Amino acid sequence: MMKKQLPQRLFIAHRGISACYPENTLAAFNGAVDAGAHMIELDVCLSKDRHLVVIHDETVDRTTNGTGAVKALTLDQLGRLDAGSWFDPRFNAERLPTLAQVLDAVKGHLQVNIEIKPEAFEEEGPADAVERQVLNLVREKSMLDDVLVSSFEWLVLENLRRLEPGIALGLLSDVPADESLLHWYQRVKGFSWHPDYRVLTPQQVDTLHGLGARVFPYAVDGKIDTRGMLAMGVDGLIVDDPRQMTAR
């Protein structure tokens with residue numbers, strides 16, 4: 001479970017270096033390696049034919065030249081979409097990567113925060129459930145010690161803890177830490193809490209640190225109060241731009 005020595009403050013590239021490259025593409029993740037990030041954050045959804053695809057939204061409309069729900073399109077259909085031109089025409093060759101492609105690209109270079117999207121979670125827990133596929137792939141790539149899995153859907157984290165005692169889990173939330181979050185953090189034996197930076201307070205950082213948690217606030221719409229977050233003693237920042245790692 002993230003056994004490697006971690007830096008004092010992790011630089012976690014949000015969907016890759018998404019300020020400079022089209023988000024959640026191999027270009028953005030390779031850019032994170034070049035920028036000296038310690039970890040990348042990415043989003044995983046399921047295609048219609050139940051493959052792990054790296055994309056943030058429920059639909060492909062915003063970040064590709066296609067339309068429709070991710071879960072309504074096959075991997076082949078998704079793989080033919082242009083996932084870069086919306087950001088800049090020079091990225092017209094970028095495609096939606098699979099999780100396997102991303103892990104292959106960054107293995108040995110940095111660690112990976114895999115966010116499982118709530119819409120991919122299935123309460124009935126089929127054999128090829130998204131969390132099972134993620135875990136099997138991480139094991140196949142021998143990257144258990146290099147991966148942190150997070151989600152707003154904490155049931156998916158509970159399932160992962162049941163399947164793998166050694167995996168690092170992070171609870172995502174866009175509201176302040178309350179009794180429910182503290183309960184679930186302990187219930188899933190969490191590794192970290194990933195809050196919207198706008199709801200974070202020094203008292204919450206202290207409380208989570210008291211439970212042994214790392215606190216990784218995330219940027220919203222490209223913005224984060226770097227100075228304020230670092231002053232609170234957070235353990236890392238999930239940012240779009242490397243320059244956001246330095247308080248100015």
Side-chain angles (χ1 to χ4, degrees), residues 2 4 10-47 49-58 60 62-64 66 70-71 73-84 86-87 91-117 119-120 128-151 156 160 164 167-170 172 194 216 218 236 238-240 242:
M2 312 295 286
K4 294 179 180 177
L10 280 181
F11 164 17
I12 306 170
H14 190 216
R15 307 177 198 168
I17 301 294
S18 51
C20 306
Y21 303 90
E23 66 178 59
N24 278 327
T25 61
L26 291 178
F29 300 132
N30 288 325
V33 174
D34 295 340
H38 304 117
M39 180 184 289
I40 54 169
E41 183 269 355
L42 56 82
D43 307 279
V44 168
C45 297
L46 283 177
S47 66
D49 46 352
R50 304 187 66 77
H51 291 279
L52 299 171
V53 181
V54 177
I55 184 172
H56 176 270
D57 297 0
E58 289 187 60
V60 300
R62 180 176 65 86
T63 59
T64 78
V70 176
K71 65 182 181 182
L73 299 169
T74 66
L75 182 63
D76 180 66
Q77 291 172 316
L78 292 166
R80 286 190 262 114
L81 299 177
D82 172 355
W86 68 273
F87 186 87
F91 293 113
N92 66 349
E94 290 300 315
R95 298 292 179 259
L96 295 176
T98 64
L99 180 59
Q101 288 173 325
V102 177
L103 295 184
D104 286 339
V106 304
K107 183 177 181 180
H109 297 289
L110 40 63
Q111 296 177 318
V112 184
N113 172 193
I114 300 170
E115 179 185 340
I116 295 178
K117 303 302 291 181
E119 56 269 20
D128 62 347
V130 62
E131 64 269 26
R132 288 180 179 272
Q133 289 200 50
V134 167
L135 179 58
N136 289 340
L137 182 62
V138 169
R139 285 171 169 165
E140 177 189 321
K141 302 294 182 184
S142 300
M143 292 183 69
L144 193 63
D145 292 340
D146 298 302
V147 164
L148 164 62
V149 179
S150 62
S151 186
V156 82
L160 278 166
E164 175 50 68
I167 196 164
L169 302 175
L172 272 157
H194 307 191
F216 301 137
Y218 61 86
I238 303 174
V239 297
D240 296 11

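These figures come from a predicted structure and were not determined experimentally. For the numbers below, each heavy atom of this structure counts, side chains included, while hydrogens, waters and symmetry mates do not.
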Worksheet item: Testing R62, K117, K71 for salt bridge (charged side-chain N to carboxylate O under 4.0 Å, His left out) with D57, which one passes?
Response: R62

Item to complete: Given side-chain contact (heavy atoms from CB on, under 4.5 Å), test L148 with H194 step by step and report yes or no.
Response: CA-CA 11 Å; L148 164 62; H194 307 191; 3.7 Å; yes

Discussion item. Using side-chain heavy atoms (C-beta onward) and a distance below 4.5 Å, is L99 in contact with V53?
Written reply: no

Discussion item. Between D146 and V112, is there a side-chain heavy-atom distance shorter than 4.5 Å?
Written reply: no

Discussion item. How long is the straight-line distance from CG of D145 back to CD of Q111, given to the nearest 0.5 Å?
Written reply: 9.0 Å

Discussion item. Ignoring hydrogens, what is the shortest heavy-atom contact between A120 and L46? Give both atom names and the distance.
Written reply: O-CD1, 4.2 Å

Worksheet item: Under 3.5 Å, is there a donor-acceptor pair between the side chain of D240 and the main chain of S18?
Response: no

Item to complete: Mind checking the CD1-CE spacing from I12 to M39? Nearest 0.5 Å is all I need.
Response: 5.0 Å

Discussion item. My understanding is that only residues two or more places apart in sequence, or in another chain, count here; which of them pass side chain to side chain donor-acceptor pair (under 3.5 Å) with D34?
Written reply: none

Discussion item. Given 3.5 Å as the limit, does a donor-acceptor pair link the side chain of K107 with the main chain of K141, or not?
Written reply: yes

Practice prompt. Kindly indicate whether the side chain of P22, heavy atoms from C-beta on, has any atom under 4.5 Å from the side chain of T63.
Written response: no

Worksheet item: In Å, rounded to the nearest 0.5 Å, how long is the span from OG1 of T25 to CD1 of I55?
Response: 11.5 Å

Worksheet item: Just by modelled atom types, is the F11 backbone N or O under 3.5 Å from a matching donor or acceptor in the H38 side chain?
Response: yes

Worksheet item: Of all residues at least two apart in sequence or in a different chain, which pass the ring-ring contact (aromatic ring centres under 6.0 Å, His included) check with F29?
Response: none

Discussion item. Quick one, I40 and I17 - any side-chain contact, counting heavy atoms below 4.5 Å?
Written reply: no

Worksheet entry | Whether over 12 other heavy atoms sit under 6.0 Å from E119 CD | yes

Practice prompt. Kindly say whether D128 contributes a backbone atom to a donor-acceptor pair with the side chain of Q133 at under 3.5 angstrom?
Written response: yes

Discussion item. Strictly distance-based, threshold 3.5 Å: is any side-chain N or O of S150 a donor or acceptor partner for the main-chain N or O of L172?
Written reply: no

Worksheet item: Quick one: are L160 and V134 in side-chain contact, heavy atoms under 4.5 Å?
Response: no

Item to complete: Nearest 0.5 Å please: distance from the CG atom of L42 over to the NE2 atom of H14.
Response: 10.5 Å

Item to complete: Check step by step if side-chain contact (heavy atoms from CB on, under 4.5 Å) holds for L10 and F216.
Response: CA-CA 8 Å; L10 280 181; F216 301 137; 3.6 Å; yes

Item to complete: Could you tell me whether a side-chain N or O of E41 sits under 3.5 Å from a main-chain N or O of R15, the two making a donor and an acceptor?
Response: yes

Practice prompt. Evaluate the side-chain proximity of L96 to V54: yes if any heavy-atom separation is below 4.5 Å, no if none is.
Written response: no

Worksheet entry | Residue pairs, two or more places apart or on separate chains, that pass salt bridge (charged side-chain N to carboxylate O under 4.0 Å, His left out) and touch residues 130-140 | R139-E164

Item to complete: Mind checking the CD-CZ spacing from E94 to F87? Nearest 0.5 Å is all I need.
Response: 11.0 Å

Worksheet entry | Shortest non-hydrogen separation from G66 to L81 and the atoms involved | CA-CD2, 3.8 Å

Item to complete: State the OG1-CG distance between T98 and L78, to the nearest 0.5 angstrom.
Response: 11.0 Å

